[in-house]
There are 4 protein chains.
Amino acid sequence: MSRSPVAELPMKADPAPRGRKRERILEAAIRVFARRGYHGARVSDIAAEAGIAYGLVYHYFKNKDELLDTVFEERWGAFLEIVDRIVAGPSPTAEKLRAVAALILFAYRRQPDWVKVLVFEIGRTSRFSEPEQIRTVGRLFQAVARIVRAGQETGELRRDLDAELVCLAFVGALDSMITSQVLGLMQLPDSAGDADAEAVRTVMELFLGGLLARGGS
Amino acid sequence: MSRSPVAELPMKADPAPRGRKRERILEAAIRVFARRGYHGARVSDIAAEAGIAYGLVYHYFKNKDELLDTVFEERWGAFLEIVDRIVAGPSPTAEKLRAVAALILFAYRRQPDWVKVLVFEIGRTSRFSEPEQIRTVGRLFQAVARIVRAGQETGELRRDLDAELVCLAFVGALDSMITSQVLGLMQLPDSAGDADAEAVRTVMELFLGGLLARGGS
Amino acid sequence: MSRSPVAELPMKADPAPRGRKRERILEAAIRVFARRGYHGARVSDIAAEAGIAYGLVYHYFKNKDELLDTVFEERWGAFLEIVDRIVAGPSPTAEKLRAVAALILFAYRRQPDWVKVLVFEIGRTSRFSEPEQIRTVGRLFQAVARIVRAGQETGELRRDLDAELVCLAFVGALDSMITSQVLGLMQLPDSAGDADAEAVRTVMELFLGGLLARGGS
Amino acid sequence: MSRSPVAELPMKADPAPRGRKRERILEAAIRVFARRGYHGARVSDIAAEAGIAYGLVYHYFKNKDELLDTVFEERWGAFLEIVDRIVAGPSPTAEKLRAVAALILFAYRRQPDWVKVLVFEIGRTSRFSEPEQIRTVGRLFQAVARIVRAGQETGELRRDLDAELVCLAFVGALDSMITSQVLGLMQLPDSAGDADAEAVRTVMELFLGGLLARGGS
DNA sequence: CATGAATGAGCGTTCATTCAT
DNA sequence: GATGAATGAACGCTCATTCAT
């Protein structure tokens, strides 16, 4: 059996060594954005966090905006590659959806700062409204939509629901859960064990089987 | 048959008349926040939009922050009252959930600026993380959770899923759809007719019956 | 006998009283620009010199550039009005030219800071190259050119020289002398008495009668 | 008959070959200063224009200031040598003055960038006020003054005018004309032919013979 | 000689907030 | 209540200069 795709999402790696200043700046930016938000983050904070001189940030990046854009594009790109691999894989539709759900819901544990930035600063600022960013985020929806459409074609999934709307609901549900995690609100019954796993189970049961009680019981 | 709860959400009303300066400032604030975001909105912009001197804003509100908070609390409170009435009503569980979904999904049409502010500036800034705001938003989840729990008790809904998680998924799905509307991305098959209604139908089918194709039917 | 036009150029007036902040800022700007040059002048220097708060400068002027432009336009306009009155007056051509020469050469005594700014920051920065500023300065040449052309028509002045070139030479000569004054280089034989008057006499003798020794003497 | 001194002013020469980095930097500096002004010119712009790494500029020059100073001294020195040769030559006074006028007025054609820098960045910044630069520029005045004084002694020129003031006027007139050229304002009647030659003729007629119409002719 | 990464002081500008009228 | 002049802390950005390689 192959490794779970979740495992491909790298853990917070060792900090970039001296000499790879550009990486250090990006990593510092994520930490500071996570801590104070984009607007609250001063460029000088980021430089201090990265342990480099103020002006060097402007050697590597045009301005503060480009820092956030770059963080977004590079990390999001890496994330999408994993999603694409899930989509292209051989698993049945339900398994693919479960893998995506797990990938997203486990992400916070692995890269909490990056997920915070994603949740609070990217999906949610008006600056996000710019077409390019929308398109980039849209690629996640496209990937999930491909899973759903394939499932509809094979007959695994019902065909009377619009795939795009289903995707919106699915990703929205996951987003909501991850936001709840970030805010520290997720108080799960099973918190002793594994809250994330419970969340994955719930979302899959819900989306696959629905809420309604089945006659048999 | 009683009026749909959706109809209780007021349409963009006539602007407050001269003399009711406080109302005019709040309405102006919503428009400016919607247009430029909270950070991009200058107090002077809001005053200009309201047609008053900008020092006057500080007569009615302690500071810019309080403007956003007040907007949030007053409008959100009105919204919650409708939700609470749905919760307390006599309809079956499925109908209550449908009513909530419709209320949320139709809101953008009725109060686009307010919904934009809600979507971009409130659920999503790090400032939102403050406990009080979380609690306020949490009231929506509590209301929906009460519907779900009641349904589980009556046997209408299955009991093996945690009500809180179900709520998160449900509200998240709706949030995702409304965001998609705000961004102008919702391209529905049925766009000639009523995209919102189609969204409501999909989300209800999905959450009640699930995605899986049913063998027999 | 009427007052000399030179006398119309106001002496450094009393500083603008409190309350006329805009004027105070402009006057302070001239002093600071004269002392440190446009680039060397910090906005905070100007505010301090004017005795007002930093940000107030931006209440009255869009930015530092607009300060220099405003200084230039307002003062230069006042100067041109005097020149225009000389042009329109009844004096013979030679007297008009002498009046202009005196106006310019005496200006430094009356408004040394303003003349310094004019000499170093306006006629001479590349930013001056912008069409609008050129046109404004050009109005001085136009005024002098009108005197010359009128003199050529009445037969007072020779007609074989292009009026525009004559103007350039005339104004250039005066500019050179005033610059020399500003730099503190003018070491005149008559320095005990009135160097400026001697400069006026020389420039008029030169331009009217030429350098060549006349046979008769 | 000897070559005109004007011809000694070298045309824009071939760019310095690779390897003569110092020369290339100076030439690049002149071009960039001409294009953007001293303050607008970044050291990196100059290095890019010269095709070298910008750290190298600091091998050859102490700092940006020294670049301008060096440009000024070297080129100005070459220019002064020509002037000195005119002064020392055997021509009559009037011819010497005409030669100086021609040298200056034709310079823009031969070295437009250098003349732009001279006009806008050297005679005219407050930094120019430093004694050393004043002295250097003063050497031009001294040279012209020697011509004038010699003419007064031989009786060619009238003696009732102060030689220094005459020089100021003469050089100022030429400066004004050349500035007008640089700004693209010189609109001469004879523009089809040779505007510069017409300027030389006018300035000489003016300074030698004066503006006044002569009765007899 | 040559490179360009690294440094950091310095400055223009914004804008929320206060307050005299 | 109403106005908008006045205040000043805060921060992004530039760019001359240094220095390790």
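Note on naming: letters A, B, ... go to the chains in the order of the sequence lines (proteins, then strands), and numbering restarts at 1 for each one. Fair warning: this is a prediction, and the values are worked out from it, not measured in the lab.
Distance, C/F61 CZ to F/dA6 C1': 15 Å, rounded to whole Å. As a whole-Å value, the separation of C/R36 CZ from E/dC11 C1' is 12 Å. Straight-line distance from the CG atom of A/D45 to the P atom of F/dG12: 8 Å, rounded to whole Å. Across the protein-nucleic acid pair, B/R20 atom CZ and F/dG1 atom C1' stand 17 Å apart, rounded to whole Å. The distance from atom OH of B/Y38 to atom P of E/dC15 is 13 Å, rounded to the nearest whole Å. When the C1' atom of E/dT3 is taken as reference, atom OH of D/Y60 falls 13 Å away, rounded to whole Å. Between the C1' atom of F/dC13 and the CG atom of A/L67 lies a distance of 13 Å, rounded to the nearest Å. Residue C/H39 contributes atom NE2, which lies 9 Å from atom P of E/dG12 at whole-angstrom precision.
The side chain of C/Y58 places no N or O atom within less than 4.0 Å of a non-bridging phosphate oxygen (OP1 or OP2) of E/dT14. Between C/H59 and F/dA6 there is no side-chain N or O to OP1 or OP2 distance below 4.0 Å. Side-chain nitrogen and oxygen atoms of B/K21 include none within less than 4.0 Å of the OP1 or OP2 phosphate oxygen of F/dG1.
The partner of F/dT21 is E/dA2, judged by Watson-Crick or G-U wobble contacts that both fall below 3.5 Å. The partner of E/dT7 is F/dA16, judged by Watson-Crick or G-U wobble contacts that both fall below 3.5 Å.
A donor-acceptor contact under 3.5 Å links the side chain of C/Y54 to the base of E/dG12.
Along DNA chain F, the nucleotide nearest to D/G55 and the one nearest to D/R42 differ in position, and the one closer to the 5' end is contacted by D/R42. Toward the 5′ end of DNA chain F lies the nearest nucleotide of A/G40, the other residue of the pair A/G40 and D/N63 mapping further downstream. Where A/V57 and B/K62 each meet DNA chain E at their nearest nucleotide, the meeting point lying more 5' is that of A/V57.
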Go through the steps for A/Q133 and A/D69 under the test side-chain contact (heavy atoms from CB on, under 4.5 Å), then give the verdict.
CA-CA 9 Å; A/Q133 305 227 342; A/D69 289 345; 2.8 Å; yes
Determine, stepwise, if the pair B/I30 / B/K116 fulfils side-chain contact (heavy atoms from CB on, under 4.5 Å).
CA-CA 9 Å; B/I30 290 175; B/K116 271 184 196 163; over 6 Å; no
Begin from the C-alpha positions of B/L26 and B/Y60 and carry the test side-chain contact (heavy atoms from CB on, under 4.5 Å) through to its verdict.
CA-CA 10 Å; B/L26 287 175; B/Y60 293 103; over 6 Å; no
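At a threshold of 4.0 Å, the pair D/R36-D/E49 does not count as salt-bridged, since none of the basic side-chain nitrogens sits closer than that to a carboxylate oxygen.
Counting non-hydrogen atoms under 4.0 angstrom, A/A41 reaches the backbone sugars and phosphates but no base.
Nearest to the side-chain atoms of B/L56 among the listed nucleotides E/dT7, E/dT3, F/dT3 stands F/dT3. Listed candidates were F/dA16, F/dG12, E/dT17. Nearest to the side chain of A/K64 is F/dG12.
The shortest non-hydrogen separation linking B/W76 to B/W114 is N-CZ2, 3.9 Å.
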